[in-house]
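Because the structure is predicted, anything quoted here is derived from the model rather than measured.
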Amino acid sequence: MKQLPFSLKENALRQFIDGRCTRFRYPADGHLARAECGWGLWIREPFHLDADFDGIAPTKAAERGVRPVFAIDLQPGEYRGLGLGRSRAAYTLPRAWHRQHALIASIEHQSLDEITDEEARLEGFGSRGDWIEAWDRSIRAISGAYSPRLFKNRPTVLVLTLNRTERPLRLPEPIGEAA
């Protein structure tokens, strides 16, 4: 089984873990474009490191034996009293630290503007407008202010339906090593 990383923000991750949301949208031209039904996803989520490691890349911190504290496990603002540094974006979580897993049940192509208010709420947003703002903020951070992926451009997106798995997925053997 092939596996790909899949990033979720705190609100969507909570909904996914609780079983309330299983459908997520991603750019159709991104790293999930080659995904197929039945493939596994290792889920990246926002996290914190000890404040002493704020200026250090997560991979370097992992090499030093540092362990993350996941944002979803904290109350808002609690990280400050625990000596933790700033929140790190989900996409920076090294694979060795992931703890959530899913299998792709279905993949659809859809215009981004087809997201409904109900679907936005299922992902943990107050409204479709809040979801759109969060989508555009993420796209601008990754692709820039004039990205064709912005909501106003009505890009085609992948709509992935996921099944959460309780156990870790079996990791493929590294190339060149015996099974």
**Q.** Check against side-chain contact (heavy atoms from CB on, under 4.5 Å), Leu32 and Leu160
**A.** CA-CA 10 Å; Leu32 295 172; Leu160 302 167; 3.7 Å; yes
Q: With side-chain contact (heavy atoms from CB on, under 4.5 Å) as the test, would you mind laying out the steps for Leu84 and Phe53 before giving the verdict?
A: CA-CA 9 Å; Leu84 299 173; Phe53 291 89; over 6 Å; no
**Q.** Pair Leu82-Asp50, side-chain contact (heavy atoms from CB on, under 4.5 Å): steps then yes or no
**A.** CA-CA 8 Å; Leu82 298 175; Asp50 186 280; over 6 Å; no
Q: Can you sort out the partners of Asp54 under salt bridge (Lys or Arg N to Asp or Glu O under 4.0 Å), two or more places apart, ordered by chain and number?
A: none
Q. Taking C-beta and beyond as the side chain, do Leu8 and Phe16 meet within less than 4.5 Å on heavy atoms?
A. yes
(Q) Starting from Trp135, can I reach Leu150 by hopping between I/L/V/M/F/W/Y residues whose side chains sit under 4.5 Å apart? (A) yes
Q | Minimum heavy-atom distance Thr92-Ala89, with the two atoms named | A | OG1-O, 2.7 Å
**Q.** For Tyr79, ring pair (Phe, Tyr, Trp, His ring centres under 6.0 Å) partners two or more places apart
**A.** His48
Q: Hey, could you give me the NE2/CZ distance between His101 and Phe6, rounded to the nearest 0.5 Å?
A: 14.0 Å
Q: Might you point out which heavy atoms bring Ser138 and Lys9 nearest each other, and give the distance in Å?
A: OG-NZ, 2.8 Å
Q: Determine, using the 4.5 Å side-chain heavy-atom cutoff (strictly less than), whether Ile139 and Ile115 are members of one ILVMFWY cluster.
A: yes
Q. How close do Ala105 and Asn163 get, heavy atom to heavy atom, and via which atoms?
A. CB-ND2, 3.5 Å
Q.
Counting C-beta onward and ignoring hydrogens, is there a side-chain heavy-atom pair between Ile17 and Arg164 closer than 4.5 Å?
A. yes
Q. How many angstroms lie between atom NZ of Lys60 and atom CG of Leu49, to the nearest 0.5 angstrom?
A. 14.5 Å
**Q.** Partners meeting ring pair (Phe, Tyr, Trp, His ring centres under 6.0 Å) with Phe47 (sequence neighbours left out)
**A.** Trp97
Q | salt bridge (Lys or Arg N to Asp or Glu O under 4.0 Å) partners of Glu123, counting only residues at least two apart | A | none
Q. Taking the side chain as C-beta and beyond, is there a heavy-atom pair between Arg99 and Glu45 under 4.5 Å?
A. yes
Q: Might you point out which heavy atoms bring His98 and Gln100 nearest each other, and give the distance in Å?
A: CD2-O, 3.5 Å
Q.
Could you measure the distance from the CD1 atom of Ile132 to the CZ atom of Phe151? Nearest 0.5 Å is fine.
A. 3.5 Å
**Q.** Test item: Ser7 and Phe24 side chains (from C-beta on) under 4.5 Å apart, heavy atoms
**A.** no
Q: Measure the spacing between CG of Asn11 and CZ of Phe125 and express it to the nearest 0.5 Å.
A: 4.0 Å
**Q.** Listed once per pair and sorted, the side chain to side chain donor-acceptor pair (under 3.5 Å) pairs that draw on residues 24-38, sequence neighbours left out
**A.** Arg25-Gln110, Arg25-Glu119, Asp29-Arg149
Q.
Can you tell me if Arg154 has over 12 outside heavy atoms packed within less than 6.0 Å of its CZ?
A. no
Q. Can you check whether Ile43 reaches Leu13 side chain to side chain, under 4.5 Å on heavy atoms?
A. yes
Q.
Any non-hydrogen side-chain atom of Leu93 less than 4.5 Å from a side-chain atom of Pro46?
A. no
(Q) Could you check whether any side-chain heavy atom of Ile72 comes within less than 4.5 Å of a side-chain heavy atom of Arg14, counting everything from C-beta outward? (A) yes
Q) Would you say Leu41 and Leu103 make side-chain contact, with heavy atoms under 4.5 Å? A) no
(Q) Nearest 0.5 angstrom please: Asn153 CG to Ser147 OG, how far? (A) 7.5 Å
**Q.** Single-linkage hydrophobic cluster Leu4~Ile104, side-chain heavy atoms < 4.5 angstrom
**A.** yes
(Q) Tell me whether Asp117 contacts the main-chain N or O of Ser127 through its side chain, where contact means a donor paired with an acceptor under 3.5 Å. (A) no
Q) Do the charged groups of Arg23 and Glu108 touch, with an N to O distance under 4.0 Å? A) yes
Q) Residues in side chain to side chain donor-acceptor pair (under 3.5 Å) with Gln15, at least two apart? A) Arg20
Q. Measuring from Trp39:CH2 to Lys2:NZ, what's the distance to the nearest 0.5 Å?
A. 4.5 Å
Q: Assess whether side-chain contact (heavy atoms from CB on, under 4.5 Å) is satisfied between Val159 and Ile107, documenting all intermediate values.
A: CA-CA 6 Å; Val159 181; Ile107 303 171; over 6 Å; no
